[in-house]
Amino acid sequence: MSIPQFLVYLSLCVVCILSKPTEKKDRVHHDPQLSDKVHDDAQNFDYDHDAFLGADEAKTFDQLTPEESKERLGKIVSKIDEDKDGFVTVEELKDWIKIAQKRWIYEDVERQWKGHDLNEDGLISWEEYKNATYGYILDDPDPDDGFNYKQMMTRDERRFKMADKDGDLIATKEEFTAFLHPEEYDYMKDIVVQETMEDIDKNGDGFIDLEEYIGDMYSHDGDADEPEWVKTEREQFVEFRDKNRDGKMDKEETKDWILPSDYDHAEAEARHLVYESDQNKDGKLTKEEIVDKYDLFVGSQATDFGEALVRHDEF
């Protein structure tokens with residue numbers, strides 16, 4: 001069994017092991033918080049640094065001198081300015097923040113890319129992905145582990161075709177990212193909903209009723225009494241999930257449940273950064289305006305030392 005094949009098997013085993021009957025399975029896709037730090041600019045700009053760079057990258061700037069931080073920030077600004085007009089808009093800043101926050105997704109894609117681009121041509125065809133991931137099924141159509149790999153392969157092929165915008169069954173890096181992480185792409189959201197409904201809809205009527213909804217999250221497993229959170233979920237289904245009160249969730253109701261329209265933290269942070277740095281109040285930033293306010297965007301040895309002094313004074 002190859003490494004990609006083993007990873008498919010291992011991931012399924014982990015799901016089975018970790019899905020304890022009293023633990024709640026969360027199907028809802030939320031945008032993560034930009035930082036786990038408190039957003040209080042009166043104290044420090046740590047939240048802004050995490051939001052702008054991502055938490056891991058933000059730590060690296062704390063080791064730089066102010067001059068080095070400014071130089072690296074200037075290079076980042078050039079990347080943010082997508083249309084190269086010399087200004088950074090709220091929209092461009094928002095896009096950058098979203099990329100910074102989802103760097104782990106692109107790192108995951110890079111890892112998987114190396115294992116699936118078998119001919120190293122910078123593209124991944126469906127045949128390449130199928131052979132790398134499911135090749136052994138052709139030799140053993142009835143594996144002993146009990147998983148229905150053919151069904152998984154059919155489902156993957158459908159998702160691959162959806163991600164493949166030009167329909168040539170060959171994925172670019174961006175299309176492969178959409179295949180692996182469909183919840184991140186608007187044009188893939190229908191397939192996320194479809195796959196979720198197929199997982200939960202046990203009677204195959206194309207809807208999710210209350211018992212199917214609860215059954216996906218919780219297994220009685222001989223317990224007479226349901227945990228309190230299960231009772232709450234029953235109420236949530238009746239009061240909020242089933243909007244038309246017909247006793248089941250259709251496609252749109254399921255989409256509203258698993259892909260909610262969250263508050264856009266990235267846009268709010270982008271507007272905050274522009275407001276704080278926009279010296280001439282024209283609603284957009286030049287590189288000079290950003291670098292002048294560098295300590296809002298990135299850290300350095302100076303800001304890290306200054307925060308240490310503040311902490312020392314508090315003691």
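On a predicted model such as this, the values are computed, not experimentally measured, just so you know.
A distance of 5.0 Å separates CD of Glu276 from NE2 of His272, quoted to the nearest 0.5 Å. The CG atom of Leu123 sits 6.5 Å away from atom CD1 of Ile170, with the distance rounded to the nearest 0.5 Å. Rounding to the nearest 0.5 angstrom, the gap separating the CD atom in Glu269 from the OG atom in Ser35 is 9.5 Å. Note that CG of Asp242 and CG of Asp250 are 8.5 Å apart. Values are rounded to the nearest 0.5 Å. Between Glu120 atom CD and Glu128 atom CD the span is 10.0 Å, to the nearest 0.5 Å. Atom CG of Asp292 sits about 5.0 Å away from atom CD of Gln279, to the nearest 0.5 Å.
Following chains of ILVMFWY side-chain contacts shorter than 4.5 Å, one cannot reach Met153 starting from Leu118, and the two form parts of different hydrophobic clusters. Tracing side-chain contacts under 4.5 Å through hydrophobic residues (I, L, V, M, F, W, Y), one reaches Ile258 starting from Phe237; they form part of the same cluster. Following chains of ILVMFWY side-chain contacts shorter than 4.5 Å, one can reach Phe52 starting from Leu34, so the two form part of one hydrophobic cluster. There is a path of hydrophobic side-chain contacts, each under 4.5 Å, that joins Tyr187 to Val192. Side-chain heavy atoms closer than 4.5 Å link hydrophobic residues (I, L, V, M, F, W, Y) into clusters, and following such links, possibly through other members, connects Val230 to Leu210.
The backbone N or O of Thr177 sits nowhere less than 3.5 Å from a side-chain atom of Gln112 that would complete a donor-acceptor pair. With Glu57 contributing its side chain and Gly54 its backbone, the two residues share no donor-acceptor pair below 3.5 Å. Side chain of Glu183 to backbone of Lys189: no donor-acceptor contact under 3.5 angstrom is found. The main-chain N or O of Asn203 is found under 3.5 Å from a side-chain atom of Glu212 such that the two form a donor-acceptor pair. In this structure a side-chain-to-backbone donor-acceptor pair under 3.5 Å is present from Asn131 to Glu127. For Glu92 (side chain) and Asp81 (main-chain N/O), no donor-acceptor pair under 3.5 Å exists by modelled atom type. Without hydrogens or angle criteria, Asp117 side chain to Gly122 main chain gives a donor-acceptor distance under 3.5 Å. Under a 3.5 Å cut-off, the side chain of Glu175 and the backbone N or O of Thr172 do form a donor-acceptor pair. Put simply, the side chain of Asp201 gets close to the backbone of Asp205: a donor and an acceptor are under 3.5 Å apart. In this structure, the side chain of Asp164 does not engage the main chain of Ala171 through any donor-acceptor pair within 3.5 Å.
Cation-pi geometry between Lys161 and Phe179 is not met: the NZ or CZ atom fails to fall both under 6.0 Å from the ring centre and inside 45° of the normal. Seen from the ring of Trp113, Lys173 counts as a face-on cation partner, given the 6.0 Å and 45° thresholds. Geometrically, Arg72 engages Phe61 in a cation-pi contact, judged by NZ or CZ lying under 6.0 Å from the ring centre and within 45° of the ring axis. A cation-pi geometry, defined here as NZ or CZ lying under 6.0 Å from the six-membered ring centre and within 45° of its normal, does not hold between Lys37 and Tyr47.
The aromatic rings of Tyr134 and Tyr129 sit perpendicular to each other, their planes meeting at more than 60°, with 30° as the lower class boundary.
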- Message: side chain to side chain contact (heavy atoms under 4.5 Å, CB included), that's the test. Do Asn244 and Glu253 meet it? Break it down for me.
- Response: CA-CA 9 Å; Asn244 61 7; Glu253 289 168 328; 3.1 Å; yes
- Message: Please evaluate residues Trp257 and Tyr213 with respect to the criterion ring pair (Phe, Tyr, Trp, His ring centres under 6.0 Å), reporting the C-alpha separation (whole Å), side-chain torsions for both, the decisive distance (0.1 Å), and the verdict.
- Response: CA-CA 11 Å; Trp257 165 43; Tyr213 174 79; 5.0 Å; yes
- Item | Asp108/His181 under side-chain hydrogen bond (donor to acceptor under 3.5 Å, both in side chains): CA gap, chis, key distance, verdict | CA-CA 10 Å; Asp108 174 56; His181 299 277; 2.8 Å; yes
- Where do Lys255 and Glu252 land on the salt bridge (Lys or Arg N to Asp or Glu O under 4.0 Å) test, with the steps shown first? CA-CA 5 Å; Lys255 185 176 183 179; Glu252 285 305 312; 5.2 Å; no
- Between Glu198 and Arg158, does a salt bridge (Lys or Arg N to Asp or Glu O under 4.0 Å) hold up when you go through it step by step? CA-CA 13 Å; Glu198 288 172 352; Arg158 182 182 63 192; 2.8 Å; yes
- With salt bridge (Lys or Arg N to Asp or Glu O under 4.0 Å) as the test, would you mind laying out the steps for Arg27 and Asp199 before giving the verdict? CA-CA 11 Å; Arg27 292 272 187 182; Asp199 287 343; 3.3 Å; yes
- Item | Residue pair Thr133, His116: steps toward the side chain to side chain contact (heavy atoms under 4.5 Å, CB included) verdict | CA-CA 8 Å; Thr133 308; His116 292 95; 3.1 Å; yes
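For the side chain to side chain contact (heavy atoms under 4.5 Å, CB included) criterion with Phe297, the lone passing option out of Leu273, Asp48, Leu53 is Leu273. Checked options Arg234, Lys248, Lys202; the residue passing with Glu211 is Arg234 (criterion: salt bridge (charged side-chain N to carboxylate O under 4.0 Å, His left out)).
In this view, Met197 and Val193, Ile208, Lys251, Thr254 satisfy the side chain to side chain contact (heavy atoms under 4.5 Å, CB included) rule, not counting sequence neighbours.
Nearest heavy-atom pair, Pro182 versus Arg159, reported as atom, atom and distance to 0.1 Å: CD-NH1, 3.5 Å. Contact record, His29 with Leu259: CD2-CD2, 3.8 Å, taken as the closest heavy-atom pair. Smallest separation of non-hydrogen atoms from Ala51 and Ala100: O-CB, 4.4 Å. Summarising the geometry of His49 relative to Leu296, their closest heavy-atom pair is CD2-O, 3.3 Å, with the distance given to 0.1 Å. Nearest heavy-atom pair, Asp264 versus Lys94, reported as atom, atom and distance to 0.1 Å: OD2-CD, 3.9 Å. The shortest heavy-atom contact between Ala58 and Asp50 is CB-OD1, 3.6 Å.
Between Lys287 and Ser78 there is a side-chain heavy-atom pair separated by less than 4.5 Å. Residues Glu233 and Ile214 meet the side-chain proximity criterion, which asks for heavy atoms closer than 4.5 Å. Side-chain contact between Arg111 and Glu107 is present, with heavy atoms from C-beta onward closer than 4.5 Å. Between Pro260 and Val28, some side-chain heavy-atom pair lies under the 4.5 Å cut-off. At least one side-chain heavy atom of Arg241 sits under 4.5 Å from a side-chain heavy atom of Gln236.
No salt bridge links Lys59 with Asp46; every basic N to acidic carboxylate O contact stays at or beyond 4.0 Å. Electrostatic pairing of Glu267 and Arg271 counts as a salt bridge here, judged by a charged N lying under 4.0 Å from a carboxylate O.
Heavy atoms from other residues, nucleotides or ligands lying under 6.0 Å from NZ of Lys84 number more than 12. Lys114 NZ: 12 or fewer foreign heavy atoms inside a 6.0 Å radius.
In this model, no donor atom of one side chain and acceptor atom of the other lie less than 3.5 Å apart for Tyr218 and Glu226. Between the side chains of Tyr185 and Glu174, at least one donor N or O sits under 3.5 Å from an acceptor N or O.
Ile99 forms part of a hydrophobic cluster together with Tyr106, judged by ILVMFWY side-chain heavy-atom separations under 4.5 Å.
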